[in-house]
Amino acid sequence: MTGTAIWWPAIWYISRPLQIKKKKEEEKYMRKYKAVALLAALVLVLGVVLSGCGGQGQQAAKEGGKTFVFARSGDAVGLDPANVTDGESLYVTHQIFETLLNYKPADTELVPGLATSWENSKDGKEWTLTLRKGVKFQDGTPFNAQAVKFNFDRWRLQNNPYHVGGNFEYYTSMFGGFPGVIKDVQVVNDNTVKFILTRPLAPFLADLAMPTFGIASPAAVQKYGKDFFKNPVGTGPFTFVSWEKDQKIILKRNDSYWGPKPALSEIVFRTIPDNSARLMELKSGTIDAMIGLNPDDYKTVKNDPNLQVLLRPSMNLGYLAINDQKKPFNDPKVRQAIACAIDKKALIDAFYAGLGKPAKNPLPPSIWGYNDKIQDYPYDPAKAKELLAEAGFPNGFTTTLWAMPVARPYMPQPKEIAQAIQTDLAKVGIKTNIVTYDWATYIAKGENGEHDLYLFGWTGDNGDPDNFLYVLLGKDNTVKGAASNVCFYQNEEVNNLLKQAQSVSDQSKRAALYEQAQEIIHQDEPMVPLVHSMEVVVAKKSVKNLIPHPTGTESFANVDIQQ
Amino acid sequence: MTNYIIKRLLLLIPVLLGVSFLAFILIHLIPGDPAQVMLGERATPQALAQLRQSLGLNDPLYVQYLRFLGHILQGNFGRSIMTQNPVLDDLASHFPATLELTIAAMFIAVVFGISAGTIAAVKQYSIFDNVSMVGALVGVSMPIFWLGLLLIWIFAQVLGWLPPSSRLSVATSLHSITNLNVLDALLTGNFPALVDALKHLVLPSLALATIPLSIIARMTRSSMLEVMNQDYIRTARAKGLTENVVIFKHALKNAFLPVLTVMGLQFGTLLGGAVMTETIFSWPGIGRMLYIAIMARDFPVVQGGILFIALLFVLINLLVDILYKFFDPKIRYN
């Protein structure tokens, strides 16, 4: 026993470095474990604290006012109305800026805006507008004839020092280039302004009411130049406060507004890209209203006791463009056969959740000049086969059917709609291969006339028939590479009627010309008008006076929230 | 070491030149141009011609490329065609959102991925091993848009514990310094905003973490299994170290190299933006910004954005290579 005992100290001594290392390592790791354990405890505590704070204050309205949170799928591109074309931007600018004329709240009839009255000269080339007195921009500068002239000069003259910040797309497309139809804008006196046109332009007043032609504060345009789009100043009921890109835009009530004071103290435009996620936010109460509902969700929303569904009157058209220059579509009988083969009502029930009207004209019924006497081609596959046989295709033929890659209000599920049309056409012997491209390519190829059958659509700008018929079916618009008439329909007679209607200022005479044009168009059937769809705005029940406008943007000046 | 880093940094120049060229060519090769997208259904011949002229799209491609390069060299990324906003401003406002989300997601992925992988390896064939590895498989294969909506539905709508989307509640105000909301809230001592920002981070970072978490867990497990069979582990056990020290110091540190590589790659990828997660959770990050720009053919934003992401990716790879040395002193750079 003593013999081994002698060895213990030696063994201990020899193994000492190992023991020390082991101990050190263990101590080090104990320390680390303690740190980890502490961190975990901290996370737990924080979690408890966080969930304890849950819900509180999240919906707490700002003191002393009502905040209206409106959500959509995309952010605004810019807040200078003259330099944007997208609905997301115009929705916001429409609250900040006002136009010379306004549309009525629910249709496109014109009423006074910043101008109180207007007068046309006999030759139709001069418009004199009387402006509202006592109006001030949100920066305190006065609104007057000089301000109107400043804005129009900025839009129409490319050498104007303030013709910056964008490309003024809407001006050039409504007034035909720079300076286009508006030859001159003259200040008669402080409250009177005169427009000199190169030719009579029938939709002139309707154009002036478009939200894109909102009158901006000249002082602000001069101050911000290229950055005016981030610092918008108008005369409207709401003033711009802040913009966090792709998150939210905040506006507050303009307390020095000339008209009735809005009930809302603040508007927040939120960007929520995903349709389902947006609806969940509405249901959880973090937003007050939204646009962009999945058609599949329509029924559940309609039955939700906390929500209301508001329908926007249709000012659009979803259609099947037929390339009239290509064989066999150059034969009107083939085009009529296609019209008879497609079951429009079934499409609307299946893909628009019933929120649409079968279209028989290229013009939507909400616009004057709509020819209601026209009888649509009935859904009749037997008749379609007959027409095909007459045209020399008793066994049909094979062609391509182009499906849009993006959803639009007039075409909510483009791929599925294309498949349904494919099935319809197959029943009469027309075999189609569905093709699609991304949006920019799709448009480019369509404008170049590379397609056969092409699903497309149009949303009206100013509520004028010219904006549909001439744009979509005028012969002048069939230039390859830049065609807006993607049917490549080149009927001289129709083109002449449409041109004539552009230069007459009497509305009833214009309406007669448009009705006549629609008759010829119906005979030729250059396209198959499919549907006029209605957009849905969903809001909490507590939201009052929200009236969706056919142009796609409505003012929130009268909106209120009942508490 | 310093020489090595300098050399690697110099290599950035040809890499970025190549990337700039590819980004430029690819976005210009797809048909359609910004003028068409901007005018959309309403492109008239005059309008198109005028717009193309003013955007400089009529110049030959090489002129446009050289102009772009020239501007980049002067530090000018140009202005977005769609929004007129300077591209650098757009990057500066969107990148912090992505960075914040990426850090949160990577934190979750690394903490839970390495723990799960390690435990699974140590307790091979146990219930934990089987369950966590099946979980990892599910995590990798789960469509993120579905998982995201599911998370929103459960935690925001049904339970009401967490906000459904975006970075901050509408009612929360936060003075932004770095645009990283959590950091800004800490810097300004704004406790309610901190809570709000953290709550908004939970769901998107959970959704975004699933894939890297699964990959890291599987990688850790397989790498650990390999190491655990090595002789030096037996030696460590033989000399009487506790199992924890054996696992964490001797095994994990050696098993960590491949995991580190995967972490670096995942981190770089996430920093490039996650279009799906950002879409579902209305997270204003760089992925969605680029996606929108590509769809709109917003050339300056696409080119600037890709260049920026490529730069980050290369830098993170460099960082990973340097970290290797820390974990494996045998590695020498010269």
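All chains are named by letter (A, B, ...) in the order of the sequence lines, taking the proteins before the strands, and each is independently numbered beginning at 1.
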Subject >> For the student: nearest non-hydrogen atoms of Pro164(B) and Ser284(A), plus distance >> reply: CG-OG, 4.1 Å
Original post:
In terms of heavy-atom proximity below 4.5 Å to chain B, should Lys248(A) be classed as side chain, backbone, both, or neither?
Top reply: side chain
**OP:** Step through the shown structure and confirm whether more than 12 heavy atoms of other residues, nucleotides or ligands are within 6.0 Å of OH on Tyr291(B).
**Re:** no
**OP:** Any chance you could measure Asn275(A), atom CG, to Ile280(B), atom CD1, to the nearest 0.5 Å?
**Re:** 10.0 Å
Original post:
Relative to chain B, which segment of Tyr437(A) carries a heavy atom at a distance below 4.5 Å: side chain, backbone, both, or neither?
Top reply: neither
**OP:** Pick one of side chain, backbone, both or neither for Glu244(A), based on which atoms fall under 4.5 Å of a heavy atom in chain B.
**Re:** neither
Original post:
Name the one of Arg278(A), Arg270(A), Met280(A) that satisfies side-chain contact (heavy atoms from CB on, under 4.5 Å) with Ser165(B)?
Top reply: Arg270(A)
Subject >> Partner of Asp246(A) under side-chain contact (heavy atoms from CB on, under 4.5 Å), chosen from Arg167(B), His94(B), Arg288(B), Glu278(B) >> reply: His94(B)
Original post:
If you measure from CG on Leu279(A) to CD1 on Ile152(B), what distance do you get to the nearest 0.5 Å?
Top reply: 11.0 Å
Subject >> Pairing residues for Asp86(A) by the side chain to side chain donor-acceptor pair (under 3.5 Å) criterion, not counting sequence neighbours >> reply: Ser89(A)
Original post:
When you check the gap from the basic side-chain N to the acidic O, do Arg79(B) and Asp227(A) get nearer than 4.0 Å?
Top reply: yes
**OP:** Working to the nearest 0.5 Å, report the span between OG of Ser276(A) and CH2 of Trp153(B).
**Re:** 13.5 Å
Subject >> Smallest separation among heavy atoms of Ala277(A) and Leu149(B), with atom names >> reply: N-CD2, 3.9 Å
Subject >> Phe229(A) side, atom CZ; Asn85(B) side, atom CG - distance, nearest 0.5 Å >> reply: 4.0 Å
Original post:
Relative to chain B, which segment of Val268(A) carries a heavy atom at a distance below 4.5 Å: side chain, backbone, both, or neither?
Top reply: side chain
**OP:** Step by step, work out the side chain to side chain contact (heavy atoms under 4.5 Å, CB included) result for Thr83(B) and Lys245(A).
**Re:** CA-CA 11 Å; Thr83(B) 65; Lys245(A) 195 93 186 66; 4.2 Å; yes
**OP:** Check Lys230(A) against Asp89(B) and note the closest heavy-atom contact, atom names and distance.
**Re:** NZ-OD2, 4.0 Å
Subject >> CE (Met276(B)) with more than 12 external heavy atoms under 6.0 Å >> reply: no
Original post:
Are side-chain heavy atoms of Ser169(B) and Thr286(A) found at a separation under 4.5 Å?
Top reply: no
Subject >> Residue pair Gly165(A) / Gln84(B): nearest heavy atoms and the distance that separates them >> reply: O-CG, 3.2 Å
Original post:
Out of curiosity, Glu281(A) CD to Ser282(B) OG, how far, rounded to the nearest 0.5 Å?
Top reply: 6.0 Å
Original post:
Quick one: side chain to side chain contact (heavy atoms under 4.5 Å, CB included) partners of Leu99(B), sequence neighbours excluded?
Top reply: Phe95(B), Ile103(B), Leu180(B), Leu271(B)
